[in-house]
Amino acid sequence: MAESANASEIRASIVQQRKADDRKKLMVNLVLLALLLVAPAVLYPVFLMKILCFALFAVAFNLLLGFTGLLSFGHAAFLATGGYTTGYLLSTYANVTTEMGIIAGTAAATLLGLFFGLVTIRRQGIYFAMITLALAQLVFFFLVQAPFTGGEDGMHGVPRGYLFGLIDLQNNTAMYYFVLAIFLFGYILVQRIVTSPYGQILKAIKQNEPRAVSLGYNVNQYKLIAFVISAGLAGLAGSVKTVVFQLASLNDAHWHMSGEVILMTLIGGTGTLLGPVVGAAFVVNLEYQLSQGALADWVDAILGGIFILTVLAFRSGIVGEIQKFLKKNLH
């Protein structure tokens with residue numbers, strides 16, 4: 001009887017702790033949402049939209065690296081595929097609405113992600129990373145050579161259009177709240193995925209894949225689904241970015257972009273929900289600040305130094321280190 005009582009007390013304590021943690025997370029999310037809603041009154045909306053686009057890209061990548069344990073060096077291919085598909089449709093066909101163009105770009109990136117996944121998902125470690133890089137380079141060379149992409153000049157003059165035929169997206173404030181809504185959709189989707197039973201299986205695969213296999217899980221199928229979802233969200237980020245800046249740039253397909261999203265995720269904190277958002281905001285703001293001063297030619301070197309410092313001394317990233325500090329001092 002005593003053992004049964006102790007077990008019930010332990011379960012009740014665990015439930016209460018989880019509820020308390022959920023309340024804390026909800027409060028943090030509400031505060032951040034309030035800040036995002038009022039941000040255009042303080043900061044330039046286009047700069048904020050750039051941060052949100054890259055934050056969504058990093059959140060998508062983190063689903064693969066932080067929660068599944070797959071390091072992709074080719075995620076720029078999905079960002080660019082979404083952007084170029086949306087840009088081409090909106091520039092070429094007057095009857096294609098903005099939301100239709102974004103959906104089409106997301107779908108194209110998702111299909112490309114399915115192809116990439118089927119080719120790569122049985123590989124692990126450096127082999128997986130190198131194959132994704134090679135496939136992404138094929139996409140890059142296709143975008144350079146294809147006649148409709150504008151080659152090295154990219155695709156310019158993409159119209160923003162009207163949202164649902166009513167809201168003029170040329171207005172930066174209206175465009176900002178549209179981008180914010182899309183970012184929140186992607187963020188909440190990833191949050192729901194990683195807290196679901198499916199997300200728990202992904203974490204188990206990351207921690208010990210042979211054990212997950214021994215439990216009867218088809219790990220390749222689970223990883224493939226995560227890869228496709230991540231690719232689709234990366235394509236969504238690219239599609240929205242093209243609409244915001246009214247251009248599809250070849251830089252989005254370059255391997256540097258794949259490296260940059262890795263940097264954002266590691267600096268913010270892999271395996272955390274807010275980490276990629278914080279990392280994207282940090283990197284985008286740092287690049288902007290450095291490009292305005294005497295260190296403009298040293299941006300890549302400085303980012304590389306920060307990357308090395310993060311890997312050596314702050315492996316949990318900004319958000320991860322803060323979480324560890326709070327857990328150590330407040331519990």
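Just so it is clear, the values below take in all heavy atoms, side chains as well, and ignore hydrogens, waters and symmetry mates. Starting from 1, each residue takes its place in the sequence as its number.
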Could you pull out the closest heavy-atom pair between [X] and [Y], with the gap in Å?
X	Y	result
L233	A60	CB-CB, 3.5 Å
K241	F54	CE-CZ, 3.7 Å
T98	G161	OG1-CA, 3.7 Å
T97	L90	O-CD2, 3.4 Å
A80	L143	CB-CD1, 3.9 Å
T86	S239	OG1-OG, 2.9 Å

Practice task
Using the ring-ring contact (aromatic ring centres under 6.0 Å, His included) rule, take F57 and F78 through it: C-alpha gap first, then chi angles, then the decisive distance, then the call.
Solution key: CA-CA 10 Å; F57 185 30; F78 310 125; 8.9 Å; no
Would [X] and [Y] show up in the same hydrophobic cluster when neighbours are defined by side-chain heavy atoms closer than 4.5 Å?
X	Y	answer
V179	V38	no
V219	V228	yes
F141	F115	yes
I193	F61	yes
L36	L236	yes

Exercise for the section: Report the C-alpha distance between L37 and Y177 in whole Å, list the side-chain angles of each, state the deciding distance to 0.1 Å, and finish with yes or no for side chain to side chain contact (heavy atoms under 4.5 Å, CB included). Expected result: CA-CA 8 Å; L37 289 173; Y177 287 110; 4.1 Å; yes
Problem - side chain to side chain contact (heavy atoms under 4.5 Å, CB included) evaluation trace for L286 with I306 - result: CA-CA 11 Å; L286 183 64; I306 293 173; 3.3 Å; yes
Main-chain N/O of [Y] paired to [X] side chain as donor or acceptor, under 3.5 Å:
X	Y	answer
Q246	V158	yes
K50	V284	no
T68	L70	no
T195	R192	yes
Y198	Y222	yes
N62	G271	yes
T85	G82	no
S230	A226	no
S258	F73	yes
H156	D153	yes

4.5 Å side-chain heavy-atom contact, [X] and [Y]:
X	Y	value
T272	L274	no
K206	F67	no
K223	E209	yes
L112	T110	no
L71	I126	no
L247	T242	no
E287	E260	yes
F183	V277	yes

What distance separates [X] [atom1] from [Y] [atom2], expressed to the nearest 0.5 Å?
X	Y	atom1	atom2	answer
C53	I182	SG	CD1	8.0 Å
L56	L180	CG	CG	11.5 Å
Y176	F47	OH	CZ	12.0 Å
L64	T132	CG	OG1	9.0 Å
L250	D252	CG	CG	8.5 Å
L135	M130	CG	CE	11.5 Å

Practice task
Decide side chain to side chain contact (heavy atoms under 4.5 Å, CB included) for M257 and H75; before the verdict, give the C-alpha distance in whole Å, the side-chain angles of both, and the deciding distance to 0.1 Å.
Solution key: CA-CA 8 Å; M257 185 60 68; H75 250 53; over 6 Å; no
Exercise for the section: Walk me through it: do F178 and V240 pass the test side chain to side chain contact (heavy atoms under 4.5 Å, CB included)? Expected result: CA-CA 9 Å; F178 177 50; V240 174; 5.7 Å; no
Problem - Donor-acceptor pair between N172 and R160 side chains, under 3.5 angstrom - result: yes
Handout entry: Heavy-atom neighbours of Y217 OH exceed 12 at 6.0 Å
Key = no
Practice task
Could you tell me how the ring of F140 sits relative to the ring of H254: parallel (under 30°), tilted (30 to 60°) or perpendicular (over 60°)?
Solution key: perpendicular
